[in-house]
Amino acid sequence: MMAAPTTGRREAGARATLVYESVTTVVAILFVLFHLYTAGFGQLAPLVQRSIHVALGLTLAYLKFADIRQQGGRWASIGNILSFAAVIIVVASCAYVIAEDERLSTAISTVARPIEFVLGGALLALVLEGARRSSGPILPALALLMIIYTLFGDSLSGDWGHPPISPSYLIEHLYLSTEGIWGTVTGLSASLITIFILFGCFLLATNAAETFMKVSMIAAGRSPGGAAKVCNVGSAFFGMINGAAVANVATVGNFTIPAMIRLGYRPAFAGAVEATASSGGQITPPVMGAGAFIMAELLNLPYATVALAAVIPSFLFYVCIWASIDVEARREAMRAMDTADIPTWREVLNWREAVPLLATVLVLVVSLFSGRSAALAAFNAIAVNVTLFLFMGSWKPAAWGARCKAILEGAKSGAANTISLVSLLVCAQIILSLIGLTGIGIKVSETIIYVGASSGLLPLALLTMAVALVLGMGMPTTASYLLAAAVCVQGLVSFGVPPLVAHFFVFYGALLSALTPPVCTAVYAASAITRTHWWPIAVESLKLAVMKFALPFFFIFRPEILLIGSAMAIARVAVVGFVASWLFAIGTGGYYRRSVGWPLRILCIFTSLGMISGAWYMDAFGLGLMSLFVIWHRKGANQAKAESAVA
């Protein structure tokens, strides 16, 4: 007797799920097509472009949160009703701004109408909730504290107070102007960041991931600790197209971490290698994640300038990891990968795989450095990639259908990867807007400058790094960089540090926060793959990353590392950075071809740190020490090998 009602509920649930998935897919495709069109054929008016971007992004976010497949197909659960109501409010709030674009764009000042107060307040609340669901409570909690400070900070006495700001004016500022929700960061997300995320997802959907891993295995698989070095090289490749540390861990780590464990690496060390290597993707040209686009906008520089400046630092980042892996591998006698597991160049250079990838990267780089906008460069690269992928394969219906399905999955993946970023960046834009409105950013900068004036540039840089690391705990790199830049950069600039150097220093600190306990997102992702507790991975990550914590100070004291200066000076600092990375790895690891005693280890560590200063005698001593070190230890290792053979 109960079979019919049960069957009816199942059928209703299946229909509801089908409708939900269809709606979500349609919105995701609209989101992707909108950004492809505006990247290739011109941006819309600022408020219109940003409103459509936020409307589609938050709609996808709340549809994701209302995933009825988790509810057995029931539309009527309280959570789903609230999420669908949020979608309606988001669309209505953004549509209103689009309808009022001419009035809001041309008016000198705008007084909020009652309906605008309601819509603006609702959108503000939904942005904070979306950020909470997407990236955790820290960023929206900080935004809420800034809102409270904005409304009630006038009651504070002394320097930290500010003039009264009414709730009506707060809504006018955040909802009806291009200084609040629709500000610069939201604009970058709508016009630039999203299209590059889509570029990375399309590239991965067209088999770039497999090609990158094959090249990495050929380049590093035959040396000691081959799997770990493959992880390092592979993460660098993935970082070129996907600047998200957690995403890189999830993509590369599922292959490299089990391979490292099979070769005898401790799980904690395997997870640490992947977490550390994946964090470097955010400073690896040409894409460099969302933060580099924001840096270019804040500095009013072409994106290509920022990308070029990151070439040597990103190279040295991975040199640091490679050196640490090599020391660990030789000390623990880790073997290389099996030759049978390493592909040949013939497999990698298969024209069906290699041509689309190489042509895509070439078009992107040429477009970026030929004066075209970064958004148009990404559009051109996507167009070339998708076209070659579709038309260079078999024309059999099954093969053609599989390629079309891969493109569709790439588009859906791109939309999925962007939706959390939309609410996160809009939330960060709200905080930055209120920092400027209340003047608290200037007050914090003045405090930092005061510390520097009484202590010097090095203590100021250390304080700035600490602030960037603290702000980055629990927040993505982009958000922590934005906040740290708002309060710290001016202090460094006031001491004569070039603006590009100051921003890179802060950005690097925000990047390293992904490895810094107690909140270290890249480490957590690696922990899930290794199935071990995150704390040992975090400790190993810090060991691997110690020199990378010192590397940003090269920016301050040797700005040539960012291509500022003559060609000779730039070449010198690149060589010095390379040698310092190896000396530090040897000093901390205690091994180079054979065991290294503590006196020599301490000398290596202090020499590598001293080379940051830029003093010629420290450079000469470090280069001489490394040369003698290599000759002495290799000679000893060869002698020991000969004695072993005789025995």
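This chain uses plain numbering: 1 for the first residue, then up along the sequence.
For the 3.5 Å distance criterion, the side chains of Thr25 and Glu21 fail to qualify, holding no donor opposite an acceptor. Side chain to side chain, Tyr96 and Glu116 meet the donor-acceptor criterion of an N or O pair below 3.5 Å. Side chains of Ser433 and His173: a donor-acceptor N/O pair is present below 3.5 angstrom, by distance only.
Remark: the backbone N or O of Thr24 is not paired with any side-chain donor or acceptor of Lys412 at under 3.5 angstrom. Side-chain atoms of Thr387 do not come within 3.5 Å of backbone N or O of Val384 as any donor-acceptor pair. The closest donor-acceptor contact from the side chain of Arg50 to the backbone of Trp182 lies under 3.5 Å. Formation of a donor-acceptor pair under 3.5 Å by the Thr59 side chain with backbone atoms of Ala55 is found in this model. Using a distance-only test at 3.5 Å, with no hydrogens or angles considered, a donor-acceptor pair links the side chain of Thr206 to the main chain of Phe202.
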Open item on the list: Set out, in order, the CA-CA distance, both residues' side-chain angles and the distance that settles side-chain contact (heavy atoms from CB on, under 4.5 Å) for Met295 and Tyr303, then state yes or no.
Closed with: CA-CA 8 Å; Met295 186 190 303; Tyr303 176 76; over 6 Å; no

Open item on the list: Could you go through Phe31 and Thr194, starting from their C-alpha distance and side-chain angles, then the distance that decides it, and tell me whether this counts as side-chain contact (heavy atoms from CB on, under 4.5 Å)?
Closed with: CA-CA 10 Å; Phe31 181 85; Thr194 298; 3.8 Å; yes

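In summary, the aromatic rings of Tyr175 and Phe117 are positioned with their centroids too far apart to meet the 6.0 Å limit. Taking the six-membered ring for Trp, Tyr149 and His162 have ring centres closer than 6.0 Å.
Atom OH of Tyr169 has 12 or fewer neighbouring heavy atoms from other residues, nucleotides or ligands inside a 6.0 Å radius.
Using a 4.5 Å cut-off on side-chain heavy atoms (C-beta onward), Val489 and Phe505 make no contact. Residues Ile181 and Gln429 are not in side-chain contact: their nearest non-hydrogen atoms beyond the backbone lie 4.5 Å or more apart. Contact annotation: the side chain of Cys404 never approaches that of Ile407 to less than 4.5 Å [non-hydrogen atoms, C-beta and beyond]. Side-chain contact between Ile147 and Leu128 is present, with at least one heavy-atom pair separated by less than 4.5 Å. Contact of the Val48 side chain with the Val97 side chain is not registered, since no non-hydrogen atoms from C-beta on lie closer than 4.5 Å.
To the nearest 0.5 angstrom, Arg133 atom CZ is 9.0 Å from Leu126 atom CG. Between the CD1 atom of Ile98 and the CG atom of Leu47 there is a distance of 9.5 Å, given to the nearest 0.5 Å. The CG atom of Leu376 lies 9.5 Å from the CZ atom of Phe41; values are rounded to the nearest 0.5 Å. To the nearest 0.5 angstrom, Leu142 atom CG is 11.5 Å from Ile430 atom CD1.
A tilted orientation is assigned to the rings of Phe196 and Phe293, their planes being inclined by 30° to 60°. Note on ring orientation: taking the six-membered ring where Trp is involved, the planes of Phe504 and Phe507 are perpendicular (angle over 60°, cut-offs 30° and 60°).
Salt bridge Lys405/Glu409: absent, no basic N to carboxylate O contact under 4.0 Å.
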